[in-house]
A.B. asks: 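Following this message is one structure expressed as structure tokens.
Along the sequence shown, residues are numbered consecutively beginning with 1. In each ligand, atom 1 is the first atom listed, and ligand 1 is the first ligand listed. Since the structure is predicted, the reported quantities are computational estimates derived from the model, not experimental observations.
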Amino acid sequence: MSKVKVAINGYGTIGKRVADAVTMQDDMKIVGVSKTRPNYEAFVAHDRGYDVYTPMDKLESMKKAGIPAAGSIEDMIEKADLIIDCTPGGVGEKNKALYEKAGVKAIWQGGEDHELAGFSFNSQANYSEALGRDFVRVVSCNTTGLCRVIYPLDQEYGVKKVRVTLMRRAADPNDIKTGPINAIIPNPVKLPSHHGPDVKSVMPNINITSTAVKLPTTLMHLHTLNIELEKDCTSNEIKELFSKQSRIRFVGQGISSTAEIMELAKDIGRPRGDMWENCIWDESISMYEGELYFFQAIHQESDVIPENIDAIRAMMELESDGSKSIKKTNKAMGI
Ligand code: NAD
């Protein structure tokens with residue numbers, strides 16, 4: 001069977017990671033990536049063998065900078081079966097008309113509203129509902145991290161109520177425009193935060209409320225979760241349930257911070273030092289007065305990458321069984 005042709009519109013933090021993850025699969029391939037400027041990322045994309053496309057009015061400046069652009073973004077879209085839109089939040093919305101005109105499928109990221117695609121995706125929670133869809137939104141890094149723990153808990157014990165505080169990194173490590181900050185910012189001040197409703201875009205039945213603050217770090221988000229379950233259980237049973245989830249990793253072994261998790265990712269040879277799994281401190285998993293508590297850390301730049309791969313497979317109907325797609329993606333990426 002011929003490989004599904006995927007193009008990346010917006011080769012930045014998320015786009016370059018999705019491109020490399022697609023390349024690792026045997027049922028899909030990259031036919032182009034787009035860059036709006038001839039910066040170092042454009043050179044790396046070119047060196048990696050990706051065809052680099054650019055807006056029509058930038059073709060000349062790309063060429064002058066030494067990058068032989070393969071054509072315009074519209075040309076790239078024509079070549080693809082499916083576009084992964086990884087442009088900055090709010091920009092992706094403007095591209096919808098282009099995708100509709102070309103008759104290609106598209107995946108947007110968590111910076112866009114649910115309504116843009118009309119369907120919000122998490123591999124474990126709703127893979128089968130994405131089968132054959134034209135438009136899908138892969139939810140944000142925080143929402144992905146929350147779905148990965150709430151879904152199996154709901155399946156096994158029934159989730160009565162989730163309360164979560166998100167301690168968010170202020171900016172990505174390469175971000176020289178917005179961070180780091182020297183402050184703790186309640187964000188948003190108006191409570192509850194939008195993160196709870198975003199989980200409901202994937203699992204509408206979940207009672208969840210969230211608060212969020214921004215912290216002076218670029219290394220991961222950290223969640224404090226407090227969950228009431230329908231059925232009684234012990235902390236050991238929760239540990240056992242989480243230990244069976246392939247995109248959850250327990251951290252302990254002297255790891256007491258997000259900085260050490262990022263070092264671990266480099267030590268185990270992860271590309272770009274990425275940590276694709278939720279990192280839960282198994283020692284933190286506690287039942288107190290019948291409620292579950294734990295800490296998890298989420299690598300904002302990379303946890304959504306395997307989910308994008310599964311979303312492609314569902315939309316292109318390459319695999320009808322979500323658990324098989326998850327297994328295939330994990331194996332190819334080394335999760
Ligand atoms: P980014 O700024 O790192 O990359 C965006 C890329 O798109 C850049 O290369 C930029 O030059 C390019 N671009 C801008 N306008 C464009 C246009 N009109 N056409 C084509 N390319 C254009 O952004 P990012 O962090 O990768 O975020 C992308 C999406 O992923 C957003 O929706 C964001 O909310 C979501 N997301 C980001 C993170 C994260 O922590 N970085 C995590 C999960 C989801």
Side-chain angles (χ1 to χ4, degrees), residues 7-21 32-46 50 52-59 61-62 67 69 71-77 80 83-99 106-114 116-117 120-122 136-148 166 168-180 194-195 198 212 214 217-221 258 262 272-276 278 297-308 311:
I8 308 287
N9 198 10
Y11 188 79
T13 306
I14 299 299
K16 60 189 170 189
R17 287 171 165 83
V18 177
D20 291 353
V33 305
S34 80
K35 275 304 300 175
T36 47
R37 286 183 299 137
N39 72 352
Y40 67 96
E41 287 168 324
F43 281 96
V44 172
H46 180 59
Y50 298 134
V52 179
Y53 291 81
T54 197
M56 189 70 89
D57 59 346
K58 301 282 170 61
L59 280 167
S61 57
M62 278 282 179
I67 297 174
S72 68
I73 292 181
E74 285 81 356
D75 293 336
M76 178 182 83
I77 293 169
I83 309 293
I84 313 265
D85 191 305
C86 302
T87 57
V91 175
E93 187 184 346
K94 299 182 191 124
N95 294 328
K96 187 174 186 180
L98 278 180
Y99 306 149
I107 295 176
W108 285 275
Q109 308 301 311
E112 305 300 332
D113 291 338
H114 167 82
L116 178 62
S120 291
F121 178 84
N122 171 261
V136 161
R137 164 184 176 254
V138 169
V139 289
S140 75
C141 48
N142 279 311
T143 306
T144 295
L146 289 170
C147 289
R148 283 182 185 167
L166 300 101
R168 299 168 56 207
R169 59 90 180 99
D172 286 340
N174 70 347
D175 188 346
I176 56 168
K177 289 184 193 147
T178 55
H194 68 274
H195 303 91
D198 205 37
K214 269 197 210 177
T217 179
T218 62
L219 306 179
M220 310 184 84
H221 303 296
T258 53
M262 290 287 83
R272 298 186 176 89
D274 284 348
M275 185 56 88
W276 295 305
N278 289 22
I298 302 296
H299 186 217
Q300 76 278 358
E301 296 165 281
S302 71
D303 75 326
V304 298
I305 307 307
E307 315 293 310
N308 272 274

A.B. asks: Could you find the nearest protein heavy atom to atom 4 (O) of ligand 1 and give me its residue, atom name and distance?
C.D. replies: G12 CA, 3.3 Å
A.B. asks: Is it the case that the side chains of S34 and N9 hold a donor-acceptor pair, with the cut-off being a distance below 3.5 Å and no angle test?
C.D. replies: yes
A.B. asks: Looking only at protein heavy atoms, which one is nearest to atom 33 (C) of ligand 1, and what is the separation?
C.D. replies: G111 N, 4.0 Å
A.B. asks: For G89, counting its heavy atoms only, list the atoms of ligand 1 lying under 4.0 Å from any of them.
C.D. replies: 31 (C), 32 (O)
A.B. asks: So which protein heavy atom does atom 30 (O) of ligand 1 come closest to, and at what separation?
C.D. replies: Q109 CB, 3.3 Å
A.B. asks: To which protein heavy atom is atom 42 (C) of ligand 1 closest, and what is the distance rounded to 0.1 Å?
C.D. replies: Q300 O, 3.0 Å
A.B. asks: Which atoms of ligand 1 are found less than 4.0 Å from any heavy atom of N9?
C.D. replies: 19 (N), 20 (C)
A.B. asks: Look at atom 13 (N) of ligand 1 and say whether a protein heavy atom is found at less than 4.0 angstrom from it.
C.D. replies: yes
A.B. asks: Looking only at protein heavy atoms, which one is nearest to atom 2 (O) of ligand 1, and what is the separation?
C.D. replies: P88 CG, 4.2 Å
A.B. asks: Just go through I8, T13, I14 and tell me whose heavy atom is the nearest to atom 37 (C) of ligand 1.
C.D. replies: I14
A.B. asks: Enumerate the atoms of ligand 1 whose separation from the nearest heavy atom of S34 is less than 4.0 angstrom.
C.D. replies: 20 (C), 21 (N)
A.B. asks: Pick one of side chain, backbone, both or neither for how Y11 approaches ligand 1, counting any non-hydrogen atom pair under 4.0 Å.
C.D. replies: backbone
A.B. asks: Tell me which one of T36, T87, N174 gets a heavy atom nearest to atom 29 (C) of ligand 1.
C.D. replies: T87
A.B. asks: Output yes when E307 and R148 qualify as a salt bridge under the 4.0 Å nitrogen-oxygen rule, no when they do not.
C.D. replies: yes
A.B. asks: Are the side chain of H221 and the backbone of R169 linked by a donor-acceptor contact shorter than 3.5 Å?
C.D. replies: yes
A.B. asks: Would a 4.5 Å heavy-atom cut-off, applied to side chains only, mark L146 and T143 as touching?
C.D. replies: no
A.B. asks: I'd like to check whether R169 has a polar contact with ligand 1, where a contact means an N/O of the residue lying under 3.5 Å from an N/O of the ligand.
C.D. replies: yes
A.B. asks: Contact between R37 and ligand 1, counting heavy atoms under 4.0 Å?
C.D. replies: no
A.B. asks: Compute the minimum heavy-atom distance from K35 to ligand 1 and say whether it is under 4.0 Å.
C.D. replies: yes
A.B. asks: Check whether any side-chain heavy atom of K96 sits under 4.5 Å from a side-chain heavy atom of L116, and report yes or no.
C.D. replies: yes
A.B. asks: I8 vs M76, test: side-chain contact (heavy atoms from CB on, under 4.5 Å). Steps then yes/no.
C.D. replies: CA-CA 9 Å; I8 308 287; M76 178 182 83; over 6 Å; no
A.B. asks: Please test N39 against Y11 for side chain to side chain donor-acceptor pair (under 3.5 Å), starting from the C-alpha separation and ending with a verdict.
C.D. replies: CA-CA 11 Å; N39 72 352; Y11 188 79; over 6 Å; no
A.B. asks: Regarding atom 41 (N) of ligand 1: of the candidates N39, N142, D85, D172, which has the closest heavy atom?
C.D. replies: D172
A.B. asks: Could you identify the single nearest non-hydrogen protein atom to atom 18 (N) of ligand 1 and state the distance to 0.1 Å?
C.D. replies: V91 CG1, 3.5 Å
A.B. asks: State, with a plain yes or no, whether a side-chain heavy atom of S72 is found less than 4.5 Å away from one of T54.
C.D. replies: no
A.B. asks: If you have a sec, work out which protein heavy atom is nearest atom 5 (C) of ligand 1 and how many Å separate them, to one decimal?
C.D. replies: C86 O, 3.4 Å
A.B. asks: Relative to the heavy atoms of G10, which atoms of ligand 1 are at a distance of less than 4.0 Å?
C.D. replies: 6 (C), 7 (O), 12 (C), 21 (N)
A.B. asks: Could you go step by step and tell me if Y99 and I83 meet the side-chain contact (heavy atoms from CB on, under 4.5 Å) rule?
C.D. replies: CA-CA 8 Å; Y99 306 149; I83 309 293; 3.7 Å; yes
A.B. asks: Could you go through N142 and Q300, starting from their C-alpha distance and side-chain angles, then the distance that decides it, and tell me whether this counts as side chain to side chain donor-acceptor pair (under 3.5 Å)?
C.D. replies: CA-CA 7 Å; N142 279 311; Q300 76 278 358; over 6 Å; no
A.B. asks: Please say whether more than 12 non-hydrogen atoms of neighbouring residues, nucleotides or ligands are located less than 6.0 Å from CZ in R272.
C.D. replies: yes
A.B. asks: How about H114 and R137: do any of their side-chain heavy atoms sit closer than 4.5 Å?
C.D. replies: yes
